[in-house]
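Heads up: the structure comes next, in structure tokens.
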Amino acid sequence: MIWNARGRVFRFEDGPLVMGIVNVTPDSFSDGGRHLDPASAVARVHALITEGADLVDLGAESTRPGALPVAAAEQMRRLEPVLERLDLGRDASLAISVDTADADVAARALDLGALAVNDVTGLGDPRMAAVVAARGAGLVLMHMKGEPRTMQVDPRYDDVVREVREHLAERVSRARAAGVAEDALVLDPGIGFGKSAAHNFELLAHLEELLALGRPLLVGVSRKSFLGKAEGLEPEQRLAGGLAATAIAVERGASIVRTHDVLETRRAARIAARVRAARRAAAQRGA
Ligand code: HH2
């Protein structure tokens, strides 16, 4: 399988890709306020690439539980100086996705050189697919139940894995109908987005069932609440749990992992990918 984002072709033969996170927001749950200054955001992008990030996801709207939407104009005000300074037209080595659910913000970021849109609402904005299709950009479609403001208030499913799979299949059809190429799509079960800790564990345990959708899977567990909020662990104390969850996700078929902690995640993911390869080789031998 490949992922084609504006002609940049990502392959997963050498293990999963690592997507670093830089939030240009005052209020993201883990790095909020740290990279509001464009120079600091740009420095962070370069630092994550040096740590081994294959691409960096730039966001201007926190989607933590309880967060309110951020107007498109404000998202652009935060993102534009960062994208301009990154000078993506000149520096072809930099691969940037923009974490936005707004089609206008996505269009502006793509026009400033981003390769892909990471849409946590999975086409919640009906104009998004056309914006992506027109530019041949990559598109991450994530599952979310509800909206950030209320999504963690008693989320319920009959069968979380089936419901996420069906939802993503429907969003793939919508994207395809609007002209987005099949190989531009990546799918994400949306760990922590309208899910209890038990739902998140179930999705990780059954991630392989989502491979039936035929597209690479992205999984984002980095520093999230299910990794230890109940035990009183703060976001910076959730690295070990996050690496364990990342390893399981990769062993179960994740092709891209989204993280604040690029170096450590890369190392953990590489080992998990080796275990997955060994398991698949054994299956092919009929063992
Ligand atoms: N998680 C967050 C944001 N965007 N995108 C995808 N595709 N998958 C995820 O799991 C995901 C995501 C939440 O993390 P973060 O960006 O650190 O926090 P905030 O939303 O508070 O900015």
Side-chain angles (χ1 to χ4, degrees), residues 3 5 16-36 41 44-45 48 53 55-70 74-75 78-79 96-102 105-106 109 114-124 128 132 138-145 147-149 151-152 164 167-168 171 175 185-195 197 199-200 203-204 207 210 215-227 229 234-236 238-239 242 245-246 249 254-262 265:
W3 182 32
L17 303 183
V18 177
M19 173 189 266
I21 303 170
V22 176
N23 285 311
V24 195
T25 59
D27 58 341
S28 286
F29 80 97
S30 175
D31 64 347
R34 288 199 207 157
H35 313 300
L36 260 182
R44 184 71 184 148
V45 169
L48 293 183
L55 68 166
V56 174
D57 194 35
L58 214 52
E61 174 181 43
S62 172
T63 47
R64 73 186 189 289
L68 295 170
V70 176
E74 176 60 16
Q75 289 189 49
R78 295 174 184 175
L79 286 171
I96 299 289
S97 59
V98 61
D99 187 349
T100 188
D102 186 286
V105 177
L115 294 182
V117 178
N118 172 22
D119 182 359
V120 297
T121 66
L123 305 181
M128 183 65 94
V132 170
L139 177 62
V140 179
L141 294 172
M142 197 195 80
H143 173 273
M144 168 161 41
K145 187 166 178 135
E147 54 178 23
R149 195 172 56 82
M151 66 189 177
Q152 290 308 106
V164 166
H167 173 100
L168 288 175
R171 298 304 160 115
L185 295 172
V186 163
L187 305 177
D188 182 341
I191 297 295
F193 285 86
K195 283 136 194 137
H199 294 138
N200 294 328
L203 281 165
L204 289 173
L207 201 63
L210 302 183
R215 296 305 309 147
L217 299 178
L218 186 155
V219 173
V221 298
S222 190
R223 304 184 186 174
K224 288 186 177 171
S225 300
F226 80 108
L227 298 169
K229 193 174 181 185
E234 295 299 326
E236 317 71 64
R238 298 175 192 159
L239 176 60
T246 295
S255 292
I256 308 176
V257 287
R258 184 181 180 277
T259 183
H260 304 89
D261 303 293
V262 166
T265 299

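All values derive from a computational prediction rather than experimental measurement. We number each residue from 1, following the sequence as shown. Counting starts at 1 for both ligands and their atoms, in listed order.
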Is Val120 in contact with ligand 1, taking contact as a heavy-atom separation below 4.0 Å? yes
Output the list of atoms in ligand 1 that are nearer than 4.0 Å to some heavy atom of Thr63, sorted by atom number. 3 (C), 19 (P), 20 (O), 21 (O)
Tell me, which protein residue and heavy-atom name are nearest atom 6 (C) of ligand 1, and how many Å apart are they? Asp188 OD2, 3.1 Å
Look at the side chain of Arg223 and the backbone N and O of Ser30, then say whether any donor-acceptor pair between them is shorter than 3.5 Å. no
Report the nearest protein non-hydrogen atom to atom 16 (O) of ligand 1: residue, atom name, distance rounded to 0.1 Å. Arg258 NH2, 2.9 Å
Which ligand 1 atoms does Asn23 reach within 4.0 Å, using its non-hydrogen atoms? 15 (P), 16 (O), 17 (O), 18 (O), 22 (O)
Is Ile21 in polar range of ligand 1, meaning some N or O pair under 3.5 Å apart? no
Heavy-atom nearest option to atom 10 (O) of ligand 1, drawn from His260, Arg223, Lys224: Lys224
Which residue supplies the protein heavy atom nearest to atom 4 (N) of ligand 1, what is that atom called, and how far is it? Asp99 OD2, 3.0 Å
Pick one: which of Glu147, Lys224, His199 meets side chain to side chain contact (heavy atoms under 4.5 Å, CB included) with Phe193? Lys224
Among protein heavy atoms, which sits nearest to atom 5 (N) of ligand 1, and what does the distance come to when rounded to 0.1 Å? Asn118 ND2, 3.0 Å
among protein heavy atoms, the one nearest atom 22 (O) of ligand 1 is Ser28 OG, 2.5 Å
Quick check on side chain to side chain contact (heavy atoms under 4.5 Å, CB included): which of Leu58, Val45, Thr25, Val22 does His35 satisfy it with? Val22
Using a 4.0 Å cut-off to any heavy atom of Gly220, which atoms of ligand 1 qualify? 10 (O)
Applying side-chain contact (heavy atoms from CB on, under 4.5 Å), name anything that partners Thr259, two or more places apart in sequence or on another chain. Val18, Ser222, Asp261, Val262, Thr265
Ion pair check, Asp119 and Arg171, cut-off under 4.0 Å: no
Would you kindly say whether Lys195 and His143 are connected by a side-chain donor-acceptor distance under 3.5 Å? yes
Under a 4.0 Å heavy-atom limit, does Met142 contact ligand 1 with its side chain, its backbone, both, or neither? side chain
Closest approach of Ile191 and Gly220, non-hydrogen atoms and distance? CB-O, 3.4 Å
Closest non-hydrogen atoms of Val132 and Gly138, given as atom of the first, atom of the second and distance, are CG1-O, 4.1 Å
Looking at atom 21 (O) of ligand 1, what's its closest protein heavy atom, distance included? Ser62 OG, 2.7 Å
First locate atom CZ of Arg238, then atom CZ of Phe226, and finally report the distance between them rounded to the nearest 0.5 Å. 10.0 Å
